Amino acid sequence: MRYDLVIFDNDGVLVDSEPISNRLLAAHLTELGHPTSYEDSIRDYMGSAMHRVHDLVLERTGKRLPDDFDDVFHSRVFAAFERDLKPVAGVTDVLEKLTADGTPYCVASSGSHERIRVGHRTTGLDRWFDDERVFSSQDVGRGKPAPDLFLYAAEHMGVRPERCVVVEDSPLGVRAAVAAGMDVYGFTAMTPAERLTGATQLFSDMGELADLLV
């Protein structure tokens, strides 16, 4: 293994949540008078923390989202997760190989700890991620594309940034990993390759990842 730590993004990389959450986010914003398509949501918000949604809406419209926006959105997302969420195809094989090889790994997500945990319990991925392997944008002051979250995860896992590789599927996440001084493998299952500019390596099938890491 060429790296001492593999840092996974969560949404779209470990759990197949991006179609669910972006569909619901677009619908919620539209209900509140901010017309947003699914494609708009993917383009503007995929991979970001919730504060980016608030910031962009305020910047574009001069209006603040309601105080209960996050709570209403997450209640809808969690209900949909319970019904529909699946792990990304092939990711359990990657986790099994990393575990067998003794390679440290963790998750560093723009989502809240609650969102990560709900997704992992629903999909059975919680067996792979104890509390010491879970990092959220809630743990740092700035979410992606700032490097803070990835640097925080590396520090807590005891690995220098240059010895880490990040697995990401969003442009914001790739930018954050590059800013952290880490290699980043861009997962193109949902995101066009040209939007992941700066990635060290691109791949489209999670089944390819284990071989790419060695």
Side-chain angles (χ1 to χ4, degrees), residues 5-18 20-22 24-25 28-29 41-42 44-59 64-82 85 87-88 91 95 104-123 125-159 161 164-182 184 187:
L5 177 65
V6 180
I7 303 176
F8 291 95
D9 176 42
N10 188 56
D11 294 292
V13 171
L14 294 176
V15 295
D16 193 16
S17 54
E18 294 291 10
I20 297 170
S21 59
N22 281 283
L24 292 172
L25 179 58
H28 192 27
L29 287 170
S41 184
I42 291 287
D44 293 340
Y45 304 121
M46 181 172 163
S48 68
M50 288 301 294
H51 67 76
R52 178 177 170 85
V53 182
H54 290 263
D55 292 346
L56 279 184
V57 169
L58 180 60
E59 177 185 316
R64 295 187 182 277
L65 291 170
D67 290 341
D68 66 349
F69 179 86
D70 291 11
D71 290 340
V72 171
F73 172 64
H74 283 128
S75 69
R76 295 178 183 182
V77 167
F78 295 164
F81 279 5
E82 294 287 349
L85 191 63
V88 167
V91 79
L95 295 170
Y105 64 87
C106 65
V107 57
S109 172
S110 293
S112 66
H113 278 282
E114 182 182 16
R115 176 178 171 134
I116 298 167
R117 283 305 185 198
V118 168
H120 286 190
R121 285 197 303 270
T122 302
T123 59
L125 292 182
D126 52 343
R127 63 175 289 209
W128 303 102
F129 292 93
D130 56 30
D131 289 343
E132 299 303 312
R133 297 179 191 260
V134 177
F135 303 97
S136 161
S137 62
Q138 289 180 312
D139 301 326
V140 295
R142 299 181 299 167
K144 306 168 189 177
D148 304 36
L149 176 56
F150 291 141
L151 293 172
Y152 179 84
E155 179 182 1
H156 278 257
M157 296 293 289
V159 178
C164 299
V165 62
V166 176
V167 184
E168 263 287 355
D169 71 331
S170 76
L172 293 175
V174 169
R175 287 168 54 193
V178 171
M182 300 175 181
V184 53
F187 185 40

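Being a predicted model, the structure only gives us computed values, none of them experimental. Just the heavy atoms: all of them, side chains too, but no hydrogens, waters or symmetry mates, feed the values below.
Listed here is the closest heavy atom pair of Phe135 and Ala153: CD1-CB, 3.6 Å. The heavy-atom pair separating Val88 from Gly12 by the smallest distance is CG2-O, 3.7 Å. Closest approach of Phe69 to His28, counting heavy atoms only: CE1-CD2, 3.2 Å.
With sequence neighbours excluded, the residues satisfying side-chain contact (heavy atoms from CB on, under 4.5 Å) with Ala176 are Lys144, Phe150. Applying the side-chain contact (heavy atoms from CB on, under 4.5 Å) rule to Ser41 yields the partners Asn22, Leu25, Ala26, Thr36, Tyr45; only residues at least two apart in sequence or on another chain are considered. Applying the side-chain contact (heavy atoms from CB on, under 4.5 Å) rule to Glu155 yields no partners; only residues at least two apart in sequence or on another chain are considered. For Val6, the side-chain contact (heavy atoms from CB on, under 4.5 Å) partners two or more places apart in sequence, or in a different chain, are Phe8, Leu98, Thr103, Tyr105, Val165, Val167, Leu213. By the ring pair (Phe, Tyr, Trp, His ring centres under 6.0 Å) test, His51 is found to be paired with no residue, residues two or more places apart in sequence or in another chain being considered.
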Problem - Audit row: Phe81, Val15, side chain to side chain contact (heavy atoms under 4.5 Å, CB included) steps and yes/no - result: CA-CA 10 Å; Phe81 279 5; Val15 295; 5.8 Å; no
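Side-chain contact check for Ser109 and Arg115: no donor-acceptor pair (N or O, by modelled atom type) lies under 3.5 Å.
The OG1 atom of Thr123 sits 10.5 Å away from atom CZ of Arg121, with the distance rounded to the nearest 0.5 Å. One distance of note links SG of Cys106 with CG of Asn10; it measures 11.5 Å at 0.5 Å rounding. Here the CG-CD distance, from Asp11 to Glu168, works out to 10.0 Å after rounding to the nearest 0.5 Å. Atom OG of Ser112 sits about 11.5 Å away from atom CZ of Arg117, to the nearest 0.5 Å. How far OG of Ser21 is from CG of Leu85: 9.5 Å, rounded to the nearest 0.5 Å. From Ile116, atom CD1 reaches atom CZ of Phe129 across 10.0 Å, with rounding to the nearest 0.5 Å.
Between Phe187 and Asp9 the shortest side-chain heavy-atom distance does not fall below 4.5 Å.
In this structure, His74 and Phe78 have parallel ring planes: the angle between them is below the 30° cut-off, well short of the 60° mark.
Evaluation of the side chain to side chain donor-acceptor pair (under 3.5 Å) test over residues 132-143, restricted to residues two or more places apart or in two chains, returns His113-Asp139, Arg142-Asp148.
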